[in-house]
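This structure is a prediction, so every number in the text was calculated from the model and none was measured. In what follows, chains are A, B, ... by sequence order, proteins preceding strands, each numbered from 1.
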Amino acid sequence: MSKVLIADDTAFMRMTLKNILEKNGYEVVGEAEDGVQAIEKYKELNPSLVTMDITMPNLDGIAAIKEIVKNDPEAKIVVCSAMGQKALVIEALNAGAKDFIVKPFQPDRIIDSLKKFQ
Amino acid sequence: MSLAEYKDIFVSEAKEYLKTLNNCVLDLEKDPENVNLVEEMFRAAHSLKGMAGTMGFDQIASLTHQMESVFDEVRNQKIKAEKRVINLLFESLDLLEKLLSQVEEGEEEEDVSDLAIKLGRIMETESGEEKEGEEGTAEKEEEREKEKEEIKRAKEKGEEVYLVTVKVDEECLLKSVRAYMVVKEVRALGSILKSIPGEEDLEAGTFADSFQMVVQTSFQADDIKSKLEGISEIEKVTVEAYETETPEPSKKKPSLLEEQQKELLKKTSEKIIRVETDKLDALIGLVGELVVNRTRVLELSKNIKDSELKNSLEQLDLITTNLQNAVMKLRMVPIKQVFDRFPRLVRDFSQSKSKKVNLVIEGEETELDRSIVNVIGEPLVHLVRNAMDHGIERSSDRKHLNKKDLATIKLSARHEGSHVIIEVEDDGCGIDPRKIKTKATEKGLKAPQDLEKMSDDEIIKLIFHNGFSTSEEVTDVSGRGVGMDAVKSTIEALHGEINVDTRVGKGSRFIIKLPLTLAIIKAMLVKIGGDTFAIPVESIRENVYVSSKDINTVQHQKVISFREEILRLVSLRSNLRLGEAEKLSENGVVHSVIVVEAGDRKAGFLVDELIGQQEIVIKSLGKILEGLKGIAGATVLANGEVALILDVSSLV
């Protein structure tokens, strides 16, 4: 079973994602509320997948991706973005994210995206 | 003197220019080589730009600037006035018209940058690539030679050149980023010699669903295909050997993209024709008058006993009714237009508050009159916001109440006879009559002793009173209870009504009942002071005759007792200043009274004479007479006489 770390600053989005993932057989091993936590939890939990929100307090998703990829070039990170954040998504992809999903979330799209990493 | 005073002149002159431009573009489409037309358009766009700039209407100025540049390019024969250019010009003119009306209404101009960019792009691509007409052939030839050379070199290196076609899932939300991922992946495998559309368009996401690349690589076709198909939301990838030999410039195979666009254009143009709303309104008006005259002719024929005449009139009657229905359908638009904004509204709200709300939408295909659709959005937004803010409890409270964590708001529309019913329903806390009572006393809306006498239903209706809010905290979502009265008056202005059905702890349901159309209504024609007036039948409850002795005076107000209720009498003569008020105290006189209802208010209108019911076409009174108290519009009767339509809600 894939172990997933969810990084998002809003509890609502974390829960929505968690619901979607758990319904589809993923195990959510941890949740992070900002970029700093995301980096810490990645080291601690070594998840097989990370969903990363871009706009987060303390440290944003892009900086967090860079840091995680620096330590683990194989990290599988999927960026979560809102509509209209095109430039940021591209920046995140360049930083080492492997894919992106767009909010509001559509469950099958997310699962399609994550399946590619198994 | 401020520039605002010139606005009217600006608008009317700008409209003239717009008309000129419209006509010119139409002519240009038929005669693309006509330089005089282009000259004229250039001048018109230029003048418009100057005017708009002076007035400070930046969006109009920036759009016309871009159009002017396009005309300049056409004038200098750098680009051709072909279909794509013409379509974009029409699109620009439509937007200009919209901007002008926004300026006219004193609203903010909308942003034109999208279209301005498109116009800019047409100049780049046209002047850059599409010169193949005259001198282009040589260049094309050269280019192809170069390509051949490149392929030869690639093969020498043991590499292949492929044509890669990628189809992106049509529901993908950030197509440009997907394209970026594809391009990035391809670059890791080889190099891109060329892409269709160009890389800028790929970056901007301005391609239908597919794009093509010519790729030079040492990898196998299958490797490329599987790598690219590994990217999310990429539906299909085909990789084939690329050949430069075949395409002759004259027989150039239309690119995939062009073909798609053509097909799209064909599809829509077959099914939809664009008609100005003015023309449509004129047609509807004429049919309306036909309906009125049909009624009149049928009336007259009743006295003539001729079976042939009767038969053909019946036929005429049927056809007219069908025609009326068909024309009415032209005005109808699905309520989807209004409902579409709610998922976003609810979603944003869910995120900002600790309330989880699921929005259910039903019957979005229900159609109603265009003019109603334009107005109904705001009241609905208000109701939905109220439901989210006041209706739905906090997540923690819901848990406490043994309710499902996820609250539901249902927005639905359906037809019911000649009405449309729109409902906003939530499974929140409902409206507690006790809270309303307390609030009403606090606000001094009603005396406590009056409230004691009122039923729960009546008390709940108090929420439609001015300045009412029962939410304990004021929030940025629904503000301080303004609005329920505004909601009510908006709906009443549409000849509709709003009711609420609520159960404490279970939820509330607001039910809005609206007429299907506002263009033709049934009205009662009456005489008052020698003139004919129309009262919408919708608001009439009953007609009664009242004798003078039954009229009483309560607090300087003439009233009658009607079905065990006290009914206020309204003298239209004095309200509309149509001469002397009726002498109500005179003995032995019988008065005609029309009992009308607007919302929950009732009154008796005193009229001189009842003429009868008729279908009437509502016409607006125009700018000068707009807002006349008591008058909602005018209509032309079958005999050519003009009758004013009474605005019942403002007279009751």
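Shown here is B:Glu378, whose CD atom has no more than 12 heavy atoms of other residues, nucleotides or ligands within 6.0 Å. Within a 6.0 Å radius of CD in B:Glu107, more than 12 heavy atoms belonging to other residues, nucleotides or ligands are found. By the 6.0 Å contact criterion, NZ on B:Lys98 is open, its count of non-hydrogen atoms from other residues, nucleotides or ligands being 12 or less. With a 6.0 Å radius and a threshold of 12 heavy atoms from other residues, nucleotides or ligands, A:Glu44 has its CD atom above the threshold. Taking a 6.0 Å sphere around NZ of B:Lys118, one finds it holds 12 or fewer heavy atoms contributed by other residues, nucleotides or ligands. In this structure, B:Glu110 places its CD atom where more than 12 heavy-atom neighbours from other residues, nucleotides or ligands lie under 6.0 Å away.
Between A:Lys116 atom NZ and B:Ile234 atom CD1 the span is 8.0 Å, to the nearest 0.5 Å. From B:Ser232, atom OG reaches atom CZ of A:Arg109 across 9.5 Å, with rounding to the nearest 0.5 Å. Here the CG-CG distance, from A:Asp112 to B:Asp169, works out to 8.5 Å after rounding to the nearest 0.5 Å.
For B:Val177 against A:Phe100, the heavy-atom pair with the smallest separation is CG1-CE2, 3.4 Å. Closest approach of A:Asp99 and B:Arg178 over heavy atoms only: OD1-NH1, 2.5 Å. B:Met181 approaches A:Leu93 most closely through the heavy-atom pair CG-CD1, 3.4 Å.
When each of A:Val89, A:Thr16, A:Asn94 is checked for heavy-atom pairs under 4.5 Å with chain B, A:Asn94 comes out on top.
Only the backbone of B:Glu229 has a heavy atom closer than 4.5 Å to any heavy atom of chain A. No part of A:Thr10 comes within reach of chain B, as not one of its non-hydrogen atoms sits under 4.5 angstrom from that chain.
Put simply, the side chain of B:Lys356 never gets that close to the backbone of A:Phe12: no donor and acceptor are under 3.5 Å apart.
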